[in-house]
Amino acid sequence: MFSFPLITALLSATSAFATPLNSTIAQRVCGTVISDAKLAKAEAHFNANKVTVPSFASASTATINVHFHVIQQNNTLLGGNIPDSQIKDQIAVMNKAYASAGITWVLASTSHTTNSGWFNGVGPDTSSQTDMKSSLRVGGPKDLNVYTVGFNSGAGAGLLGYSTFPSDYSGAPSDDGVVILYSSLPGGSASPYNLGQTLTHEAGHWVGLYHTFQGGCSGLGDQVSDTPAEASAAFGCPTGRDTCKSPGVDPIHNFMDYSDDSCMTEFTAGQITRLRSQIATYRGISA
């Protein structure tokens, strides 16, 4: 699909989706937003500097180290102290989702930090998230840093997660990574978003993918030709939903939509080609 949207309307409504600990989430809300101007600039740079990658059939598997930073407000599960078993299960979910892309995720480290301010108040472009990432981030552009928080107040209230893009790394390396709701891990309480696909989705941004509904029915969209155009984000699992006149029903099963975790099952061949080129160009990862 090809278009350019913003989802500021969704973001302005994030406070309405704030929920108490250990409760269901009303709708998926991702805080990963890119303006039209930044998208155009990023794509121009990518097209001018794109690293050509081999076809998947002739490529080897890329291994990416994952560093989990568990941010908690206390030592209880409701306070964000997620068990190692959930982190292990989350890595397994990621590996299943990205198997077709030739990516293997390996848990390289796990840290626990008790900081109620970070746990509750971290959000996109906030000073608290800058402090958190500056203090905890490890590795370089090839390392995925994941921070689990509560998203209970402020700019992040009600979010399931947000991420940086590969092209962001050179300008702000300490900001690189993914922040997700702790209860979205497999077995967590954020039903129907508790099967681990929030990290799959946010890691999709981290490897260079946009939302499938980026730009709606017109424009340049998600820069991938085999994801049918979609007027807006899909919630639940609305089989047969078709919001644009262009060919193809809405890609509700795509990991980069907003569907329930149980509805998300795939990346397209075009998305895989794009993400492999993105991580080769900006992260030095060859798959």
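Values in this document were obtained by computation on a predicted structure and should not be read as measured data. We're numbering straight along the sequence, starting at 1. Computation of the quantities below employed the complete heavy-atom set of this structure, encompassing side-chain atoms and omitting hydrogens, waters and symmetry-equivalent molecules.
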Residues Asp176, Lys133: salt bridge by 4.0 Å N-O rule |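 A salt bridge is absent here (no side-chain N lies under 4.0 Å from a carboxylate O).
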
Could you walk me through whether Ser111 and His67 pass the side-chain contact (heavy atoms from CB on, under 4.5 Å) test, one step at a time?
-> CA-CA 8 Å; Ser111 67; His67 301 277; over 6 Å; no

Exactly one candidate in Tyr147, Tyr162, Trp118 meets side-chain hydrogen bond (donor to acceptor under 3.5 Å, both in side chains) with Gln129; the answer is Tyr162

Any [X] side-chain heavy atom under 4.5 Å of [Y] side chain:
{"X": "Gln73", "Y": "Asn81", "answer": "no"}
{"X": "Lys41", "Y": "Ser35", "answer": "no"}
{"X": "Gln197", "Y": "Val93", "answer": "yes"}
{"X": "Leu181", "Y": "Val149", "answer": "no"}
{"X": "Ile252", "Y": "Phe235", "answer": "no"}
{"X": "Asp257", "Y": "Glu230", "answer": "yes"}
{"X": "Pro83", "Y": "Leu77", "answer": "yes"}
{"X": "Val70", "Y": "Thr113", "answer": "no"}

Keeping the roles fixed (side chain from [X], backbone from [Y]), state whether a donor-acceptor pair exists under 3.5 Å.
{"X": "Arg137", "Y": "Gly140", "value": "yes"}
{"X": "Thr273", "Y": "Ala269", "value": "yes"}
{"X": "Asp261", "Y": "Gly196", "value": "yes"}
{"X": "Thr61", "Y": "Ile103", "value": "no"}
{"X": "Tyr98", "Y": "Gly204", "value": "yes"}
{"X": "Tyr193", "Y": "Leu160", "value": "no"}
{"X": "Asn115", "Y": "Gly117", "value": "yes"}
{"X": "Thr281", "Y": "Val51", "value": "yes"}
{"X": "Ser134", "Y": "Thr130", "value": "yes"}
{"X": "Ser163", "Y": "Val178", "value": "no"}

Roughly how far apart are [X] [atom1] and [Y] [atom2], rounded to 0.5 Å?
{"X": "Asp222", "Y": "Gln271", "atom1": "CG", "atom2": "CD", "result": "6.5 Å"}
{"X": "Leu275", "Y": "Ser277", "atom1": "CG", "atom2": "OG", "result": "9.5 Å"}
{"X": "Leu185", "Y": "Asn194", "atom1": "CG", "atom2": "CG", "result": "10.0 Å"}
{"X": "Thr268", "Y": "Asp226", "atom1": "OG1", "atom2": "CG", "result": "3.5 Å"}
{"X": "Thr52", "Y": "Arg276", "atom1": "OG1", "atom2": "CZ", "result": "12.0 Å"}
{"X": "Ile64", "Y": "Asp143", "atom1": "CD1", "atom2": "CG", "result": "9.0 Å"}

Consider only side-chain heavy atoms of I, L, V, M, F, W and Y, link residues closer than 4.5 Å, and tell whether [X] and [Y] are in one cluster.
{"X": "Phe46", "Y": "Ile272", "answer": "no"}
{"X": "Leu199", "Y": "Ile91", "answer": "yes"}
{"X": "Leu195", "Y": "Met264", "answer": "no"}
{"X": "Val122", "Y": "Ile82", "answer": "yes"}
{"X": "Trp105", "Y": "Leu209", "answer": "yes"}

What do the steps show when you test His201 against Met256 for side-chain contact (heavy atoms from CB on, under 4.5 Å), and what is the final call?
-> CA-CA 6 Å; His201 176 101; Met256 301 312 295; 4.3 Å; yes

Parallel, tilted or perpendicular: which fits the ring planes of His205 and His211, with parallel below 30° and perpendicular above 60°?
->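 The rings of His205 and His211 stand perpendicular, inter-plane angle above 60°.
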
Hey, what's the ring geometry for Tyr182 with Phe119, parallel, tilted or perpendicular (30° and 60° as the breaks)?
->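 The rings of Tyr182 and Phe119 sit tilted, inter-plane angle from 30° to 60°.
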
Locate the shortest heavy-atom distance separating [X] from [Y]; write the atom from each residue and the value.
{"X": "Ile180", "Y": "Phe151", "answer": "C-CE1, 3.6 Å"}
{"X": "Gln86", "Y": "Gly188", "answer": "NE2-N, 3.4 Å"}
{"X": "His253", "Y": "Cys237", "answer": "CE1-SG, 3.8 Å"}
{"X": "Gly216", "Y": "Ala229", "answer": "O-CB, 4.0 Å"}
{"X": "Gly80", "Y": "Gln72", "answer": "C-CB, 3.8 Å"}
{"X": "Leu144", "Y": "Met94", "answer": "CD2-CE, 4.3 Å"}

When you compare the side chains of [X] and [Y], does any donor N or O come within less than 3.5 Å of an acceptor on the partner?
{"X": "Arg28", "Y": "Ser259", "result": "no"}
{"X": "His69", "Y": "Asn145", "result": "yes"}
{"X": "Asp175", "Y": "Thr164", "result": "no"}
{"X": "Asn74", "Y": "Thr76", "result": "yes"}

Which is it for Cys30 and Leu159 under the side-chain contact (heavy atoms from CB on, under 4.5 Å) test, yes or no, and what are the steps along the way?
-> CA-CA 6 Å; Cys30 168; Leu159 292 180; over 6 Å; no

How about Asp125: does its CG atom have over 12 heavy atoms from other parts shown lying under 6.0 Å from it?
->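 No - once you tally the heavy atoms of other residues, nucleotides and ligands closer than 6.0 Å, there are 12 at most.
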
Over 12 foreign heavy atoms within 6.0 Å of NE2, His45 = no

Answer with yes or no after comparing the ring centroid distance for Tyr282 and Phe165 against a 6.0 Å cut-off, counting only values under it.
-> no

Run the numbers on Ile71 and Met132 for side-chain contact (heavy atoms from CB on, under 4.5 Å), then give the verdict.
-> CA-CA 9 Å; Ile71 313 302; Met132 178 185 73; 3.8 Å; yes

From the list Arg274, Lys50, Lys38, salt bridge (Lys or Arg N to Asp or Glu O under 4.0 Å) with Glu43 holds only for Arg274

